[in-house]
Amino acid sequence: MTPLSGKPGIALGALTGFLLSVPLLAVFYAGWQMAGLSFAPFVFFNWMVQVLPGGIITFGIDTIVNIIRFLNLGETDKAAKITEQFMAATSFLITCIIVNTGYFGIMYFIERKFSVVVGLVLGSLMGLGILFFSHSIQKVNPINSFIDGLWIMSVFLIWGLALGWVYRHPALSSPDAATTTSEELLSVKKVNRRRFLIKAGSAVAVISLSGVILGRIVGNRNKPGTLNNKKFWSSFNPLPNASALVKPIPGTRAEYTPVNQHYRIDINTIPPVLIEEKWRLKISGFVEQQLSLTLNDLRSYEPLHQFITLSCISNPIAGDLIGTTRWTGVSLQRLLPKLRLRPNATHLKIRSADGFYESVALDEIRSDERVMLTYAWDGAPLTTEHGFPLRIYIPNVYGMKQPKWIESIEVTDHWEEGYWVSRGWDKYARMKATAVIDTIAVDNMTGKRMIQIGGIAHAGTRGISKVEVQVDGGKWEEAKLRTPLSNQTWVIWRYEWPFQKGKHNFTVRCTDGKGIPQIIEKAPPHPGGASGLHTLSRILRG
Ligand SMILES: Nc1nc2c(c(=O)[nH]1)N[C@H]1C(S)=C(S)[C@@H](COP(=O)(O)O)O[C@H]1N2
Ligand SMILES: [Mo]
């Protein structure tokens, strides 16, 4: 379409929108990687995630987890984060292209000489929008929020400026019916436009590539203390069940999960980075006096060490969103006298740097010393991904009730729904008993010709009293149980079955420490955690 006014059309709006938003993305990426400044696409995406209704998000998470498992894309949590980051970048790009096209539309009605002014107005609106999102999701960055704000605004203003300038560029204007006198002039115009677009495209490529390359190089150098230089407890100490007689079948998942292999699930595209020196645990509400504790204050209490299996409620049967390590912290029971609670206090509302929250009953804390403010995993301070500097441990419930990156505790006189409960997940989120086959050691059958089957069973803090295996729908046979790391962790089991040629189905089930069998009925993770039996088929050849 050729506007009569000679103004560039909508299609050019979309094209230049693409050309302008790619470097925008790259510049934000460089700022994030090099200086820890806000990456606008993630701010935008995280805000959308928090604002959209829980049902849509839950559906989104389930879909992503299912696709990843279906396509066998590797570790669910890592693949999910990458998918999420990809979605964030794409939706940002698309939004920018739409805005850009909209601008070309608006300019239809506005004199061309105002193009830069309108571009700047649009840029500042975009910048303010991102600032607003970043403020409302309480993203905490080490960087000074004034500098961050300045950065976001400047980048968007420059973007707006570029937009206005590009719009006005003579090469983009359409041949005007009145001024186009000959075919020749028209083709000169076309050539000019093509030249301009090629030049602009090259500029975009250069800016974008340098942004990404700079970001990568400098970003990798700036990465804060990676895992290898940390002192992990397990590198120097034997596990408490090291001498247990029942050994795992090779191929069973590691009984003790290395911290860098522990699954990670949270609502953040990039985790909040808190600085120990600046961080305080603020305690307010129904207390005689408000408190502000440092991490060292918490470390000065006698530490409690607990071997714990944590599982995400989104973990499907036989999924990998579950892990076991040694948690260290201060029992909340021990801390209570220090809080000087008022008589009407009944609950603690725990709030995190990312806007996540959960409330815990004081009754539960008083009756269970295991409820713990945790500051170390495997003997080292929590990593950024896993909630540095402080997270909570609440026995027997899924991870959705256990905030990481805790910043404050408000003492209240009532129960409140936690973050995921108010988004449609189970109120209690009590861990369900599940048993999983990790390995059927088919090629390990020389010698005695026994098929070795092994895996884990888990029932929160209720423990596991029995695991049984069934082959081809036959009799349920008891597996051997390995002494667990603690009664708060999963249990490793093993079972041997005399070799028989052909295709066979292996099914496993468990009974918790209280003698209650696991739920056999299949249920998806939403809303109360997955249930059902795990079955694997193998073809055994002689
Ligand atoms: N602040 C905060 N804490 C959080 C979450 C979150 O999104 N934000 N996610 C929860 C969920 S759903 C799970 S499964 C666990 C996962 O802990 P991990 O990532 O250390 O394994 O953290 C929990 N704590
Ligand atoms: Mo979770």
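This one's a predicted model, so the numbers in the text were calculated from it and none came from an experiment. When a ligand or atom number is given, it counts from 1 through the structure's own listing order. Start at 1 with the first residue, then count along the sequence.
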>> Would Q402 count as a polar contact of ligand 1, with the cut-off being nitrogen or oxygen pairs under 3.5 Å?
In response: yes
> Any nitrogen or oxygen of H386, main chain or side chain, under 3.5 Å from a nitrogen or oxygen of ligand 1?
Replying inline: yes
As an exercise, identify every atom of ligand 1 less than 4.0 angstrom from a heavy atom of [X].
| X | answer |
| --- | --- |
| D266 | 5 (C), 6 (C), 7 (O), 9 (N) |
| S352 | 1 (N) |
| H262 | 21 (O) |
| W405 | 1 (N), 2 (C), 8 (N) |
| C312 | 14 (S) |
| R264 | 19 (O) |

> Would you call K427 and E417 a salt bridge, using N to O less than 4.0 angstrom?
Replying inline: no
>> Between E358 and K401 (salt bridge meaning N to carboxylate O under 4.0 Å), is one present in this structure?
In response: yes
Is there a donor-acceptor contact under 3.5 Å from the side chain of [X] to the main chain of [Y]?
| X | Y | value |
| --- | --- | --- |
| D438 | G455 | no |
| T95 | S91 | yes |
| N268 | P271 | no |

Counting non-hydrogen protein atoms only, what is the nearest one to [atom]? Give residue, atom name and distance.
| atom | answer |
| --- | --- |
| atom 21 (O) of ligand 1 | Y263 O, 2.8 Å |
| atom 23 (C) of ligand 1 | G399 O, 3.1 Å |
| atom 7 (O) of ligand 1 | I267 N, 2.8 Å |
| atom 12 (S) of ligand 1 | M400 CA, 3.6 Å |
| atom 8 (N) of ligand 1 | D354 OD2, 2.7 Å |

Heavy-atom pairs closer than 4.0 Å: do any link ligand 1 to the side chain of [X], the backbone, both, or neither?
| X | answer |
| --- | --- |
| W377 | side chain |
| R391 | side chain |
| L310 | side chain |

>> Taking the cut-offs as 6.0 angstrom to the six-membered ring centre and 45 degrees off its axis, would you call R423 and Y419 a cation-pi pair?
In response: yes
> Are K349 and W415 in a cation-pi contact, defined as NZ or CZ under 6.0 Å from the six-membered ring centre and within 45° of the axis?
Replying inline: no
> So which of T489, D378, N241 actually passes side chain to side chain donor-acceptor pair (under 3.5 Å) with Y256?
Replying inline: D378
>> Show, in sequence, the C-alpha distance, side-chain angles and deciding distance for Q488 and N396, and conclude whether the side-chain hydrogen bond (donor to acceptor under 3.5 Å, both in side chains) test is met.
In response: CA-CA 8 Å; Q488 289 146 271; N396 218 23; over 6 Å; no
>> Minimum distance, heavy atoms only, to atom 19 (O) of ligand 1: which one of R351, K401, K404 is it?
In response: K404
> Nearest to atom 16 (C) of ligand 1 by heavy atom, I265, N315, L382: which?
Replying inline: I265
> What residue among L373, L295, L291 forms side-chain contact (heavy atoms from CB on, under 4.5 Å) with L281?
Replying inline: L373
> Out of curiosity, is W425 lining ligand 1, as in a heavy atom under 4.0 Å away?
Replying inline: no
>> Does the residue G387 have a heavy-atom contact with ligand 1, meaning some pair of atoms that are separated by less than 4.0 Å?
In response: no
> Just wondering, are more than 12 heavy atoms of other shown residues or ligands nearer than 6.0 Å to NZ in K480?
Replying inline: no
>> Side chains of H305 and T328 only: does a donor on one sit below 3.5 Å from an acceptor on the other?
In response: yes
